[in-house]
Amino acid sequence: MRITVRAGQVGHIRQGLQVYGALEGDRHPERLLPASSARDQQLKQLVTGSGFRGAPNEIVLLPKGTQWVLVVGLGKAKELSIEKIRQCAGTAARTARAQGFTAVTLPVIVERGLGPVEVMAQASAEGALLGLYRYDKLKQLSKHEQSRRIEAITLVVEQSGDLGAAKHGAHKGQVIAEAVSLARDLINGPSNLVTPTVLADEARKIAKQFRLKCTVIPFARLKQLGFGGIVGVAQGASHPAQFIVLEYKPAPRPAGRNRRGGRATKTYALCGKGITFDTGGINIKPSAKMELMKYDMAGAAAVLGTIKAAATLKLPVRIIGIIAATDNMPSGSAQKPGDVLTTLSGKTVEVLNTDAEGRLVLTDCLHYAKRFKPDYTIDLATLTGACVIALGSEAVGLMGNDEKLAERITKAGEQTHERVWRLPMWEEYGGQLIKSDIADLRNVTNTGEAGTITAAKFLEAFVEGMHWAHLDIAGTAWSDKPKPYIPKGAVGIGVRLLIELMEKGK
Ligand code: BES
Ligand code: MN
Ligand code: ZN
């Protein structure tokens, strides 16, 4: 897909569908955006006559001469936000495709109070591309369906002085949207096609493209090396588990600048839960909706997507992606309730529920991260059903041991609308609750209360000394109802959040 950024007026670009934004008024839209459209009396009359008010994502499609025009509502002026702009672009691009257009011209809605133009252009590109995403590679599409494709997106800024910033933002938005789409493809892919080996191959492919270092430790080696957490989960599976380490580091800065820059490059370890299918194991899950457990590798997918985007955008941080990829299966060789594992850290865990497998594989990821002496360690995992109950699909559960990091993640969440909500990590949630009678730890508490937090307290036992944040994405990684730029299915949550967090090099 090619995104072209131009300066001028939407109305002057006669390619495909022309889009305008509209702020909400009581009876008619209060104002058409961009501002230049206000001088178009014919357009104004058409919109006013249509009964359109401008509520968020409300649409009206109108013929204007030989052109088709789409007006998308942005909601009330006071409530305009970067997220509304992102959604508006998603709605516009999807509507254009549904109406059979192959090209669409979108305005970059510029509202100076919301920040630099670059941010608005990025949001527009992200919204449009993510809105157009679909997972159709396993379908035989008819000729007609195949031709239903947007081939060109033109973003238009009114003022030529904004063109440079808009191009910059649009490029960034496109890179990020493509990385999110990679994550979505991996997550939407069924578990017979997206196996641990496929995740490892994807990491190798990224490594090759950007000359990154990639190490993959297969199941047999993991056993020899004492990766007891992932091995315990993987021993029941037929597809061999893979432990994937993908390292990105920025090119050294030119000499001279180096000294003045002062600060050393920060290192982030990103750990991803990569359960390619979670049956629950011997503590098998009920059948209803079990098919969704292909998305139990959404953390791993986010790590891969993030590193790909970071490498493309040349982010000024070092990133170590650490992924534990395996199916969680019941079988004759599967671990059984009551088994005790010795994790890579040396700590032993009594497995009282084989369905609490995410935290088992993550123990090895977190312990392995220590060798890179990261400044920050962040894990992403579809870890607990309790998180779905507590926060639903609007917020990622955030826990950890570092105030500043948590605050920065919260802020990045607001900026990207991948919002996070912090849960407490008081010592009462750990301690006796996660102690075992016969091993160092148990992988489930016996009360089952506060399941999201107690899972995080279990992980905390493996982070020793690291500045750490845990993101429980169980509720946010999959969407049941389509939104303007999030179709049903995989969300690709985490990629946009992490890039926002790391892009300044802090
Ligand atoms: N992958 C699941 C958590 C999950 C549930 C993700 C629903 C997405 C949607 C995880 O491995 C799991 O099974 N957790 C158990 C833990 C319990 C046994 C303590 C759960 O939440 O029920
Ligand atoms: Mn499970
Ligand atoms: Zn799981």
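Whatever order the structure lists ligands and atoms in, that order sets their numbers, starting from 1.
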_Atom nearest to the Mn ion (ligand 2) - Asp278, N, O or S atoms considered_ = OD2
_With a 4.0 Å heavy-atom cut-off, what residues sit around ligand 1?_
Lys273, Asp278, Lys285, Met293, Tyr295, Asp296, Asn353, Asp355, Glu357, Arg359, Thr382, Leu383, Thr384, Gly385, Val444, Ala474
If the threshold is 4.0 Å, N to carboxylate O, is there a salt bridge linking [X] and [Y]?
X: Lys347; Y: Glu464; result: yes
X: Lys273; Y: Asp296; result: yes
X: Glu460; Y: Lys457; result: yes

*Residue of the set Lys266, Lys314, Lys172 for which salt bridge (Lys or Arg N to Asp or Glu O under 4.0 Å) holds with Glu503*: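 The single option meeting the salt bridge (Lys or Arg N to Asp or Glu O under 4.0 Å) with Glu503 is Lys172.
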*Looking at CG of Leu423 and SG of Cys387, how far apart are the two atoms once the value is rounded to the nearest 0.5 Å?*
6.5 Å
*How long is the span from the CZ atom in Phe219 to the CD atom in Gln235, to the nearest 0.5 Å?*
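Here the interatomic distance stands at 6.5 Å.
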_Residue among Thr363, Val444, Leu383 satisfying side chain to side chain contact (heavy atoms under 4.5 Å, CB included) with Phe458_ = Thr363
*Which of these, Leu344, Ile217, Val361, Leu341, sits in a side chain to side chain contact (heavy atoms under 4.5 Å, CB included) with Ile230?*
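Among the candidates, only Val361 passes.
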*Do any of the N, O or S atoms of Glu357 sit under 2.8 Å from the Mn ion (ligand 2)?*
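Coordinating: yes.
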*Atoms (protein N, O or S; no water) under 2.8 Å from the Zn ion (ligand 3)*: 4
*asked:* If you take the centroid of each ring, where Trp contributes its six-membered ring, are Phe227 and Phe243 closer together than 6.0 Å?
replied: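 Aromatic pair counts; centres sit under 6.0 Å.
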*So is Arg408 actually on top of Tyr376's ring, under 6.0 Å and inside 45° of the axis?*
yes
